[in-house]
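Down below is the structure, laid out as structure tokens.
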Amino acid sequence: MDEAMNTLSLRRLALPLLAMLALAYLVAMVVTGAQPVQRQLVKFEAKGVLPIEPEAVQRVTLGQRGRELVLTRRGDGGWALEAGGTVEGAAATHLDTAIKMLHRSGPVREIAPEELSGVDTRPFGLDEPVVMATLAGAGGRPLAVRFGALNPEGFLQYMRIDGDPKVYLMSRFIGAEWLAALEGVKPK
């Protein structure tokens, strides 16, 4: 009977003892500041061709076949035409998205100048681009990009950065955002 009582009292103590151990573990985590590490999560790193943060872009010049618009960032973060008038609605959203994509989305492929020697690059459409954009931050060197034709599969778009001999293959959605921004801005 004594043996049965000892087993029963050990079972009664087991649950409170486990609870105390769990509580002690939580207190130790709070005191040391250690939090569980989520190793499956990868820290975001922008891999785009725009080296500055999207919010630092203060001026954008958009162009297409002789048409050119100069946009400046307003104090509230919105956009205005340098010639007068504001950029609103879908055009402003497309412009902000295009800038963010150019900063965050890296090229799918970079084609070195050596690979282009002896190749007719006219089909890339970079001599007469679909859309051009020049982005400038405060005091920084402007970044001028030209979006050409889609690749034969239609998933990627040729892009060139002024002053860089490489040709980049970018997601076609980036060039589409720039084109939508340009087409959405209506000068007043």
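Computation of the quantities below employed the complete heavy-atom set of this structure, encompassing side-chain atoms and omitting hydrogens, waters and symmetry-equivalent molecules.
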**OP:** Please lay out, stage by stage, how Leu69 and Arg67 fare under the test side-chain contact (heavy atoms from CB on, under 4.5 Å).
**Re:** CA-CA 7 Å; Leu69 296 173; Arg67 178 181 179 211; 3.4 Å; yes

Original post:
Hey, mind stepping through Leu135 and Leu50 against side-chain contact (heavy atoms from CB on, under 4.5 Å) and telling me if it holds?
Top reply: CA-CA 9 Å; Leu135 299 88; Leu50 179 62; 4.2 Å; yes

Which distance, rounded to the nearest 0.5 Å, do you find between the [atom1] of [X] and the [atom2] of [Y]?
{"X": "Lys100", "Y": "Glu177", "atom1": "NZ", "atom2": "CD", "result": "11.0 Å"}
{"X": "Thr61", "Y": "Glu68", "atom1": "OG1", "atom2": "CD", "result": "5.5 Å"}
{"X": "Thr97", "Y": "Phe173", "atom1": "OG1", "atom2": "CZ", "result": "13.5 Å"}
{"X": "Leu62", "Y": "Glu183", "atom1": "CG", "atom2": "CD", "result": "11.0 Å"}
{"X": "Ile174", "Y": "Phe147", "atom1": "CD1", "atom2": "CZ", "result": "6.0 Å"}
{"X": "Ile111", "Y": "Met159", "atom1": "CD1", "atom2": "CE", "result": "11.5 Å"}

Subject >> Worked check of side-chain contact (heavy atoms from CB on, under 4.5 Å) between Asn151 and Phe124 >> reply: CA-CA 8 Å; Asn151 73 334; Phe124 295 171; over 6 Å; no

Under a 4.5 Å side-chain heavy-atom rule over Ile, Leu, Val, Met, Phe, Trp and Tyr, are [X] and [Y] clustered together?
{"X": "Val108", "Y": "Val49", "value": "no"}
{"X": "Tyr158", "Y": "Val145", "value": "no"}
{"X": "Leu95", "Y": "Leu81", "value": "yes"}
{"X": "Leu143", "Y": "Leu71", "value": "yes"}
{"X": "Val185", "Y": "Trp178", "value": "yes"}

Subject >> Under 3.5 Å donor-acceptor, Ser117 side chain and Pro113 backbone >> reply: no

Subject >> Side-chain donor/acceptor of His103 to backbone N/O of Ile52, under 3.5 Å >> reply: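 Yes, the answer is positive, given that a donor and an acceptor are paired below the 3.5 Å cut-off.
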
Below 4.5 Å, heavy atoms only, C-beta onward: do [X] and [Y] meet side chain to side chain?
{"X": "Val130", "Y": "Arg146", "result": "no"}
{"X": "Asp96", "Y": "Pro54", "result": "no"}
{"X": "Val167", "Y": "Leu169", "result": "no"}
{"X": "Arg122", "Y": "Asp127", "result": "yes"}

**OP:** For Arg74, look at atom CZ and say whether over 12 heavy atoms of other residues, nucleotides or ligands are found less than 6.0 Å away.
**Re:**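 Yes, enclosed.
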
Original post:
Should we say atom CD of Glu128 is surrounded by more than 12 heavy atoms from elsewhere, each under 6.0 Å from it?
Top reply: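 No, not enclosed.
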
Original post:
Which atom pair, heavy atoms only, marks the closest approach of Ala176 to Gln157?
Top reply: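 What the structure gives for the nearest pair is N-OE1, 4.2 Å.
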
**OP:** Return the minimal non-hydrogen interatomic distance between Gln64 and Leu182, and the atom names on each side.
**Re:**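 The pair with the smallest heavy-atom distance is CB-CD2, 3.3 Å.
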
Subject >> Worked verdict on Glu82 versus Arg59 for salt bridge (Lys or Arg N to Asp or Glu O under 4.0 Å) >> reply: CA-CA 9 Å; Glu82 192 173 67; Arg59 180 184 169 103; 2.5 Å; yes

